[in-house]
Every structure is written in structure tokens, then in C-alpha cells.
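This report concerns only the one structure given below.
Atom set for the values below is all heavy atoms of this structure, side chains included, hydrogens, waters and symmetry mates excluded. Ligands are counted one by one from 1 in listed order, and the atoms in each one are counted from 1 as well.
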Amino acid sequence: MIDRTIRSSIERLKDARNAVILAHNYQPPEVQEIADIVGDSLELSRRAASTAAETIVFCGVRFMAETAAILSPDRAVLLPDEYAGCPMAEMITAEALRTLRREHPRAMVVCYVNSTAEVKAESDICCTSANAVQVVRSLADVAEIIFVPDRHLGDHVSRQVGRELILWPGYCPTHARIRKADIDRARARYGEVCVMVHPECQRDVRDAADEVLSTGQMCRYARQSSLRRFVVGTEPGLLHRLALENPRKHFYPANPQATCPNMKRTSLEKILWSLQDMAPRIAAPRQVGDRARKALDAMLAVTESCSPT
Ligand code: SF4
């Protein structure tokens, strides 16, 4: 009953504010259900760049809202919980990246979008987990490539593309909780299944999987596959979308404990309050935003010129 009241208040305010609600695949189910668009970072950043709405409520973590603000500087971008950060994004600073660049003057920097605006501003091109391989392949003529901040995604890309990358030693603490033993246990328990894992997982987990895919790619793969049973090696929030889109198929989390506490900070109440108060509002400082935008635009240009993976 309370939820229904909150939902209708959100809908009313959304119209009044000319707002769109974007939710990442890892958000709690009730948040995904009230969102206009649910997707991965790439889908959401594209949508943020093209929306006509004056207000974007970004249900995710800070770097995602910041990316939306950089791509849409004339819109109000709200992050319902201002403390929803990303530990991996905090594992590198702009200063540390500048130092690394000085050590490798011929290198270009590829920066995973799971990073701060300041770090993006020091980078040449961004990537998401869905397009990282395409982005690095597009740099075939470049002498050296620095990849920040996720060493596991970087390792995955390096093996796919067949070239060495200079990797920053960052990682996602949530995906680090998924272990090879979880995959072995799931195979023993569920029998004939397809194991899909995210490239933020460690190498032995990726090697034990059938497919290594971003969350958007997992959704597409599950829809198109004739298989019925899937073990999902990523944040379990994705299972809500997978189950909704594939009611006849079965999805099991590789490790149900591998939840991201930051992604779970969003609630219906916080969405409502953010629309009422038009806060917390996220923006990047102008100069940083302009430079970060160049790296994001470079990524979107590569993605648009290649067919989706
Ligand atoms: S799942 Fe990992 S990378 Fe994504 S927001 Fe949480 S900590 Fe950051």
C-alpha cells in the first residue's frame, strides 16, 4: 500500500519535472520496475546523451550519474543516494594516472567508465565492459596502451585482442567475491547449464565459464539462446531482468552473496525525495567535464562505427 502511494507520487513528480528514470541492471527490483529504462552503462550513457527530458534520475552509482551529467550538461542529473559510490572507481586518482603517463610517454590511455570524471579527463578514450575489446582494437596503430582502473577487464581485453596492455591494479570488490569454486559448485548442482560471467571477474573464473559477457550482452545472449538454464556470474540484481525477459528459462546466481552494497542504496523513497528536492544533483566541474566528454565521445564514435558485440 505504502509502495503504491510512493510509486504514484514518483509518477506524478516525474511528469511535473519532465524527468526520465534510468536504472542500472544491478539496482533493486522495485527500482528497476519504476524505471523508464533499465540497462548497462553503455545503454544508459547513450540514452542519457539522447534524452529530451530536462531531468535525469540516475539509479546507479556516482560515476554513472557523473557520466550522464558530462554527456548532458544542460540537464539536471539526480543521484537518489549521494553516498552510492564505486570502490573500483576510487582505486585510481588523476594524479596517479598523470604519473603513469609520464612513465609511458608513447602510450594512450583507455579508461573504463567505472572511474571518476577527473580520471576520464586524463584519458584518451573511455570504454564499457560491452565495448572494451572494440575500443582497444581500434587503437591497433598505437605503440602502448594503458588500461585503467580494472585489471580483470584489462586482462580479458588483452587476451581477446592478443596484445599486452599496461594494467592498473584496480578491481571490483563485488565481482571478486565470485570464485572458481562457486562455478564448480554450480555446475555440479545444476548439471547442464550455460555459465555466463562478467569480465570484471578474476581470470580463473572467466576461464571456467562458457561465456564472458557484459550485463547487456548477458541479456541478449539469454534471449537468443535455445538453452534453458544459466548460471550468472555477476551482481545478482541482473537476475530480476533476466527472469522477466525470459519467463521460461531459469537463472541461478554464481554467488548470491556477491551483491554491490552501493548499488543497493537506491530505494523508492530516495527516488521520490530526489524528485521533490531536485537533489542530490550531480555535475562535473566545467573544465574536467569538457575533457572527460572528449574521452566519452571518442568511445561513442568507435561503438557507433562498429557492429555490436
Ligand atoms: S558492482 Fe563493482 S564496479 Fe559496479 S558499482 Fe559495485 S563495486 Fe563498482
>> Please enumerate all residues that pass ring pair (Phe, Tyr, Trp, His ring centres under 6.0 Å) together with Tyr26, with sequence neighbours excluded.
In response: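 Tyr26: ring pair (Phe, Tyr, Trp, His ring centres under 6.0 Å) contacts with His24.
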> Who pairs with Phe230 by ring pair (Phe, Tyr, Trp, His ring centres under 6.0 Å), at least two apart in sequence or on another chain?
Replying inline: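 For Phe230 the ring pair (Phe, Tyr, Trp, His ring centres under 6.0 Å) partners, ignoring immediate neighbours, are Phe251.
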> Does Glu54 pair with Arg75 as a salt bridge, N-O distance under 4.0 Å?
Replying inline: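 Salt bridge flag = no for Arg75 with Glu54.
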>> Regarding Asp124 and Arg291, does a basic nitrogen lie under 4.0 Å from an acidic carboxylate oxygen?
In response: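 Judged by the 4.0 Å cut-off on N to carboxylate O distance, Asp124 and Arg291 do not form a salt bridge.
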>> Strictly by salt bridge (Lys or Arg N to Asp or Glu O under 4.0 Å), give each pair with a member in residues 259-278 just once, sequence neighbours left out.
In response: Asp81-Arg265, Asp81-Lys270, Glu235-Lys264
>> For a quick check under 3.5 Å, do Thr215 and His198 share a side-chain donor-acceptor pair by atom type?
In response: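 Side-chain D/A pair, Thr215 to His198: absent.
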> Do you know how many protein N, O or S atoms are within a distance smaller than 2.8 Å of atom 2 (Fe) of ligand 1?
Replying inline: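 My tally for this metal is 1.
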